[in-house]
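The structure appears right after this line, and notes come after that.
In the text below, chain A, chain B and the rest are named by the order of the sequence lines, each starting its count at 1.
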There are 2 protein chains.
Amino acid sequence: MEPKGTTIDEQAVNRVRAGLIDALTATRLAEAFAALSDPTRVLIISALLEGELCVFDLAAVLGLSQSATSHQLRILRHLNLVRTRKEGRLVYYALDDEHIRDLFQRGLEHVRHR
Amino acid sequence: MEPKGTTIDEQAVNRVRAGLIDALTATRLAEAFAALSDPTRVLIISALLEGELCVFDLAAVLGLSQSATSHQLRILRHLNLVRTRKEGRLVYYALDDEHIRDLFQRGLEHVRHR
DNA sequence: CCAATGTATGAATGTTCGCTCATATATTCA
DNA sequence: TGAATATATGAGCGAACATTCATACATTGG
């Protein structure tokens with residue numbers, strides 16, 4: 001085995017590089033995780049685990065302003081973490097699919113497993 | 001069923017609030033997801049999926065400066081996503097446990113499922 | 001011990017982000 | 001139609017973040 005010197009272990013580097021996800025996927029993935037990188041948005045997802053809620057009630061649950069709630073919901077909406085259903089002047093938000101639930105639970109396991 | 005008025009649906013709000021995760025957990029969870037909220041760190045995790053790497057080779061794989069790589073690794077280290085093994089003057093980084101792999105894969109599924 | 005190598009970290013900087021405030025849009029009701 | 005309600009959004013501000021640059025720390029070899 002060649003000793004480590006000033007030069008890079010090119011063989012290992014090239015092998016790893018070949019298995020890397022591409023830059024676009026990395027960016028998309030980072031965006032998805034970024035959606036859950038704020039305590040407020042985490043709480044929104046936590047609330048929606050129980051079922052759909054309109055913006056007004058969601059704001060009440062979180063003790064947050066309606067404006068701030070709406071801003072955060074927009075982020076989650078654009079990243080396809082939640083979907084909307086309009087009913088009169090109310091807009092109900094719900095988790096987009098079950099993947100979100102899974103992702104959230106995996107995160108919880110990591111946090112609680114320390 | 002009572003019509004929605006200017007007041008909050010207190011029953012629903014209280015029920016949802018009772019099921020919410022607590023603020024500290026929300027913060028911790030947000031921090032965990034924040035660890036993966038940057039393309040560079042996502043690529044680092046992607047690289048480490050193949051096995052452990054020293055900082056120098058990792059920087060080469062990513063085409064990133066050694067300093068930037070080290071800064072990002074510190075974040076991942078402090079959030080327990082990676083662990084280190086020292087061997088001489090080299091420090092090898094590896095994924096901390098299999099949960100990270102799972103979390104990463106779930107994220108990938110979400111991104112690719114759109 | 002001294003120079004070289006691998007890694008870590010503090011300061012500085014440009015950018016992003018979350019909230020508030022003000023305001024706009026949409027829907028219902030009188 | 002006009003007032004009230006529900007939601008959305010743009011501007012602005014302070015905080016947090018990713019990178020670079022310079023430098024410090026640690027380990028090995030001569």
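Atom CD in A:Glu52 sits about 16 Å away from atom C1' in D:dT7, given to the nearest Å. In this entry the distance linking CG of A:Leu53 with P of D:dA6 reads 15 Å, nearest Å. Between the CZ atom of A:Arg85 and the C1' atom of D:dA6 there is a distance of 15 Å, given to the nearest Å. Computed from coordinates, the A:Leu79 CG to C:dT16 C1' distance equals 14 Å when rounded to whole Å. One interatomic measurement links the two molecules: CG of B:Leu90 to C1' of D:dA26, which rounds to 12 Å at whole-angstrom precision. Counting to the nearest Å, the C1' atom of D:dT7 and the OH atom of A:Tyr92 are 13 Å from each other. Put simply, CG on A:Leu58 is 10 Å from P on D:dT7, counting in whole angstrom units. Here D:dA18 presents its P atom at 14 Å from CG of B:Leu62, a figure rounded to the nearest Å.
At least one side-chain heavy atom of A:Gln72 sits less than 4.5 Å from a side-chain heavy atom of A:Ile75.
Side-chain N/O atoms of B:Gln72 include none lying less than 4.0 angstrom from OP1 or OP2 on D:dC17. The shortest distance between the side-chain N/O atoms of A:Arg74 and the OP1/OP2 oxygens of D:dT7 is not below 4.0 Å. Note on B:Thr40: a side-chain N or O is less than 4.0 Å away from OP1 or OP2 of D:dT19. OP1 or OP2 of C:dA8 lies within a sub-4.0 Å distance of a side-chain N or O belonging to B:Tyr93.
Looking at A:Ser67, its side chain comes within 3.5 Å of the base of C:dC21 through a donor and an acceptor atom. Side-chain atoms of B:Ser65 and base atoms of D:dC21 include no donor and acceptor less than 3.5 Å apart.
At the heavy-atom level, A:Ile75 lies under 4.0 Å from the strands shown only through sugar-phosphate atoms. Counting any heavy atom pair closer than 4.0 Å across all strands shown, A:Gln66 reaches a base atom.
The side chain of B:Arg89 lies closest to C:dA4 when the candidates are C:dA4, D:dT9, C:dA8. Of all nucleotides listed (C:dT9, D:dA18, C:dA8), C:dA8 comes nearest to the side chain of B:Val91. Distance from the side chain of B:His71 is smallest to C:dG10 among D:dA8, C:dG10, C:dA8. Distance from the side chain of B:Lys86 is smallest for D:dT27 among the nucleotides D:dT27, D:dA18, C:dG18. Of all nucleotides listed (D:dT7, C:dT9, C:dC19), C:dC19 comes nearest to the side chain of A:Ala68. Side chain of B:Asp38, nearest nucleotide from D:dA8, D:dT19, C:dG6: D:dT19. In the set D:dA18, D:dT9, D:dT19, the nucleotide with an atom closest to the side chain of A:Arg77 is D:dT9.
Rounding to the nearest 0.5 Å gives a distance of 7.5 Å between NE2 of A:His110 and CG of B:Leu103.
In terms of heavy atoms, A:Ser46 sits closest to B:Gly19 at OG-O, 4.3 Å. Taking both residues in full, the closest heavy atoms of B:Ala35 and B:Arg41 are given as O-NE, 2.7 Å, listed atom of the first, atom of the second, then distance.
DNA chain C is contacted by both A:Glu87 and A:Ser37; A:Ser37 maps to the nucleotide lying nearer its 5′ end (nearest heavy atom per residue).
Within 6.0 Å of CD in A:Glu10 there are 12 or fewer heavy atoms belonging to other residues, nucleotides or ligands.
Of the N and O atoms on the side chains of A:Arg85 and A:Tyr93, not one donor lies less than 3.5 Å from an acceptor on the other residue.
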